[in-house]
Structure formats: structure tokens, C-alpha cells
Q: 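One structure, as C-alpha cells, below. Some questions next.
All heavy atoms count here, side chains included; hydrogens, waters and symmetry mates do not.
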Amino acid sequence: MDSACPHEGGPLEQGDIEELCDGRLALTCPWHYFEFCLDDGSSSSGLQNQVYEVKVCDGKVYIQTENALSLTPWKKTQAKHPGNTEAAGSTQVIHNDCSLTYWANKILCTSDPEEKAKLTHKVQEMWNSGKITEIGHLQPPAQPSRKEDLTIVQPGQIKRGKGGTLASRIALLHSLANIEQWAIDLSWDIIARFATFHLQTGERLPKEFFSDFVKVAGDEAKHYQLLEKRLVELGSHFGDLPVHNGLWQSASDTAHDLLGRLAIVHMVHEARGLDVHPQTLQRFSAQGDENSAEVLEVIYTDEITHVAAGLKWFTYICNMEQRDCLSTFHELVPLYFKGYLKPPFNTEGRKSAGMSEEWYLPLVKPS
């Protein structure tokens with residue numbers, strides 16, 4: 001196995017080998033206690049370490065690897081702990097377990113959605129109370145971890161129905177819970193992925209940007225927990241039905257473009273959530289499911305502020321870089337979003353978020 005932990009390069013050769021509950025042996029990193037199975041390098045955190053085939057023949061150890069092995073005797077040196085601060089050009093890069101990006105990555109690598117939500121609330125409290133002060137810089141994973149027992153299908157294969165039956169209402173709530181799980185990850189990903197973003201002026205994003213998206217993450221975690229609680233009350237739970245990973249495509253497409261991320265995730269997708277709310281709410285109310293309707297109202301109220309956050313920082317960056325906000329938005333949406341925006345629009349909900357019709361009506365298919 002590689003001696004450097006794939007998380008932050010910790011010295012695995014200094015770690016302990018322990019037996020897991022399933023009887024497999026695992027090596028534990030001495031820095032942040034991520035464990036890696038010796039047989040395949042897998043970790044419950046979602047990380048993966050490289051392992052190599054080993055054979056012992058005539059008292060000699062042979063390792064199957066494409067790399068050239070050093071024959072120089074190993075000398076023990078004092079390893080640097082990731083809590084140290086290193087200078088990277090003119091930018092200080094801090095990647096310790098007290099940084100916001102460290103915790104963002106930990107949440108992104110947490111596969112259980114309930115644990116993901118609980119950890120989000122814990123980190124939100126630490127950030128708000130000042131226990132976490134550094135933003136840090138730690139590259140997030142290409143895609144968040146998910147539980148292995150989830151059935152994942154293409155977005156078009158999800159059947160939700162119209163809420164006329166209990167099974168249909170459960171399917172709708174389950175679909176929303178899946179969206180909220182991805183929304184938690186999208187919030188932490190924008191924090192980690194753009195932690196060192198520089199404006200064209202050379203300035204960094206203000207701390208308020210990160211505070212806003214920590215709050216968004218906390219809201220999304222609350223939404224997931226409310227939906228899961230309601231699913232259990234209705235005799236189901238998250239994971240009972242198939243889910244899709246379609247929302248993450250927008251994150252992948254905009255991984256290099258902060259303005260694109262704000263435009264697509266918050267000003268298109270989340271704004272679309274405001275549009276469908278009245279109809280979804282009516283479906284549950286028509287069946288007398290007021291408990292579910294109350295959950296939907298909580299989500300709707302919070303989502304208005306999430307659209308507002310996306311709009312706030314989109315216009316902030318455009319203004320700081322002397323770009324026209326509307327024309328930039330109208331250029332970015334067709335670049336990352338397939339097709340036209342489709343009515344009906346929740347004009348009042350969008351207006352409450354600060355998004356007037358001049359933002360979205362030009363992106364509707366001409367009649």
C-alpha cells in the first residue's frame with residue numbers, strides 16, 4: 001500500500017493495523033484516523049488508497065508495481081503535521097483539521113445522509129461560534145460519497161406520480177430528500193472548490209461568502225432531516241426507492257467557473273424549485289397531508305434565501321469585475337444548461353429572492 005494517506009498525505013507507515021468489525025485488517029492514518037483495508041485499499045470515508053500485489057519467494061519479497069523502488073535505506077524523519085501553514089506563492093495555504101475546507105471535504109466524503117446532515121450542523125455551529133476561523137484549501141472529491149445500497153438510475157427513470165396516493169406522496173418526498181442530500185454537498189463543494197478563488201482585481205472572496213453558504217448547507221441538512229422524518233412517519237425511509245445523480249452534473253460542468261456555478265445551481269435549479277412549489281404543495285394539501293405540507297413550506301421559505309444568496313454573490317462578482325450582470329447571466333445559462341427555461345414561473349417567489357423577470361424571461365423559448 002502507498003505510504004502516503006490519500007486524504008492529506010499522512011505517514012501511513014506510522015499508523016496502526018487494526019481488525020475491523022467484519023474481520024478485515026485495516027491500516028489507520030495517525031493524522032486524521034482514516035482507515036484503509038489492507039486487501040484493497042478501500043476506506044469507509046470514501047477515500048481509496050493504492051495497493052500492490054505482493055509475493056514472497058525464496059525468502060525475498062516481490063511487489064508488482066510500475067514504479068521504480070528505491071534501494072536506499074529508509075531514514076526516519078520528523079513528519080510535518082498538516083496543521084502547518086505553507087507559503088504557496090503569495091497565498092497562504094492552510095489545510096488543517098481546524099479549517100472550513102477540511103470539514104467540507106469530510107462531509108463530502110460522508111456517505112450516510114443522516115450523518116452528513118448531523119456533521120453539517122456540527123460544523124455550522126463551530127463556524128458560527130468562531131471555533132473554526134480559517135478557510136483553508138483542500139481540493140474536494142470529484143463526486144461526493146454515497147451509500148452502497150442506494151439504487152441509482154437515470155433521471156428519466158424516476159417515477160414520482162402526482163401525489164394522489166400514499167405511494168405517490170412517498171415517492172415525491174423521497175425525490176425531494178434526494179435533492180436535499182445533493183444540495184448539502186453542493187453547498188460544501190462550492191466552499192471547498194472555490195476557497196482560493198481570486199477576482200480579476202486580485203482580491204479573495206470575503207468571509208461573508210463562506211458564511212452564507214455554510215448557512216445554506218445547514219438549511220439543506222435541516223430539510224433532509226425533516227423529509228426523512230416524514231418518510232418514516234409514512235412507513236418508508238430514504239433509500240427505499242431509486243434515486244438519480246443528475247444534480248451533480250451541474251457541479252461537474254461548473255467546477256472551474258464560480259459564476260457558472262452560482263448561475264446554474266442557485267439561479268436556475270433552485271429558482272425552479274420555487275416555481276414548482278405551489279403545485280407540489282397543492283397536491284399534498286388536496287390529500288389532507290398537512291404534515292407534509294408544513295415541511296414543504298419550511299423548505300420553500302428557506303429556498304428563497306438560497307436563490308437570493310446565489311444572486312447576491314453573482315452580482316457581487318460581476319460588479320467587482322465590472323461586468324454587466326444580466327448579459328453575463330444570459331451568456332452563462334445556455335453554456336451550462338441544456339434547453340430553454342420553461343414556464344410557469346413563480347413570479348412572487350422569485351421576486352422575493354430579488355430575481356425580477358428581466359433575469360429569466362429572455363431565456364424562455366421564443367413563441
Side-chain angles (χ1 to χ4, degrees), residues 1-57 59-67 69-84 86 94-123 125-126 131-132 136-150 181 184-185 188 192 221 238-239:
M1 180 183 291
D2 279 348
S3 61
C5 177
H7 174 227
E8 286 189 355
L12 291 181
E13 73 276 3
Q14 298 178 22
D16 295 325
I17 295 178
E18 301 175 353
E19 184 174 331
L20 300 178
C21 58
D22 59 2
R24 301 168 73 190
L25 294 177
L27 181 58
T28 302
C29 178
W31 279 3
H32 299 114
Y33 308 105
F34 288 108
E35 81 290 339
F36 298 91
C37 290
L38 295 183
D39 54 358
D40 61 6
S42 63
S43 171
S44 62
S45 66
L47 295 170
Q48 178 69 45
N49 202 8
Q50 180 67 50
V51 293
Y52 305 93
E53 182 183 359
V54 177
K55 290 184 178 180
V56 179
C57 184
K60 296 181 179 180
V61 178
Y62 293 86
I63 302 174
Q64 179 66 39
T65 174
E66 296 178 358
N67 301 319
L69 299 181
S70 172
L71 299 179
T72 304
W74 178 70
K75 295 181 180 179
K76 188 172 182 179
T77 58
Q78 184 64 35
K80 292 183 177 180
H81 191 275
N84 294 337
E86 302 171 1
I94 300 172
H95 46 278
N96 56 35
D97 55 8
C98 293
S99 73
L100 188 62
T101 53
Y102 164 79
W103 287 105
N105 273 267
K106 191 171 182 65
I107 293 169
L108 288 165
C109 290
T110 299
S111 59
D112 185 284
E114 186 62 35
E115 291 302 314
K116 187 187 295 285
K118 289 179 180 178
L119 191 53
T120 291
H121 289 311
K122 173 185 174 182
V123 176
E125 188 279 328
M126 289 194 295
K131 294 178 182 177
I132 300 174
H137 176 225
L138 186 60
Q139 188 67 17
Q143 183 163 321
S145 299
R146 287 293 178 266
K147 293 184 71 174
E148 292 183 358
D149 58 359
L150 276 181
Q181 178 183 214
I184 298 170
D185 288 324
W188 289 116
F238 183 69

Q: Determine whether V51 and F36 satisfy the following criterion, side-chain contact (heavy atoms from CB on, under 4.5 Å), listing intermediate values before the conclusion.
A: CA-CA 10 Å; V51 293; F36 298 91; over 6 Å; no
Q: Nearest 0.5 Å, please: how far is NZ in K106 from NZ in K122?
A: 8.0 Å
Q: Any idea which heavy atoms bring S111 and Q181 closest together, and the distance?
A: O-OE1, 4.1 Å
Q: Considering only heavy atoms from C-beta outward, does the side chain of S43 approach that of E35 to under 4.5 Å?
A: yes
Q: Within a strict 4.5 Å, meaning less than it, do heavy atoms of the L25 and E18 side chains meet?
A: no
Q: I want to check something: taking the side chain as every heavy atom from C-beta on, are D2 and Y52 in contact at a cut-off of under 4.5 Å?
A: yes
Q: Could you tell me whether the side chain of W103 reaches within less than 4.5 Å of the side chain of I132, counting heavy atoms only?
A: yes
Q: If you compare all heavy atoms of S42 against all heavy atoms of R24, which two are closest, and at what distance to 0.1 Å?
A: OG-NH2, 3.8 Å
Q: How far does CG of L12 sit from CG of N49, to the nearest 0.5 angstrom?
A: 6.0 Å
Q: Could you grab the distance from atom NZ of K118 to atom CD of E115, nearest 0.5 Å is fine?
A: 5.0 Å
Q: If you look at every heavy atom in A192 and N105, which pair is closest and at what distance?
A: CB-ND2, 3.9 Å
Q: S99 side chain to Y102 main-chain N or O, any donor-acceptor pair under 3.5 Å?
A: yes
Q: Show your working on side-chain contact (heavy atoms from CB on, under 4.5 Å) between I17 and L38 and close with a plain yes or no.
A: CA-CA 9 Å; I17 295 178; L38 295 183; 4.0 Å; yes
Q: Please report the closest heavy-atom contact between Q48 and D40, naming both atoms and the distance.
A: NE2-O, 2.6 Å
Q: For a 4.5 angstrom cut-off between non-hydrogen side-chain atoms, does D185 reach R146?
A: yes
Q: Just how far is it from atom CD of Q64 to atom NZ of K55, taken to the nearest 0.5 Å?
A: 8.5 Å
Q: Compare every heavy atom of P140 with every heavy atom of L108, then report the nearest pair and how far apart it is.
A: CD1-CB, 3.8 Å
Q: State the CG-CG distance between L119 and D112, to the nearest 0.5 angstrom.
A: 11.0 Å
Q: Would you say the side chain of K116 lies within less than 4.5 Å of the side chain of C109, judging by non-hydrogen atoms?
A: no
Q: Looking at CD of E13 and CE of M1, how far apart are the two atoms once the value is rounded to the nearest 0.5 Å?
A: 12.5 Å
Q: Just checking, any donor-acceptor pair under 3.5 angstrom between side chains of T120 and W188?
A: yes
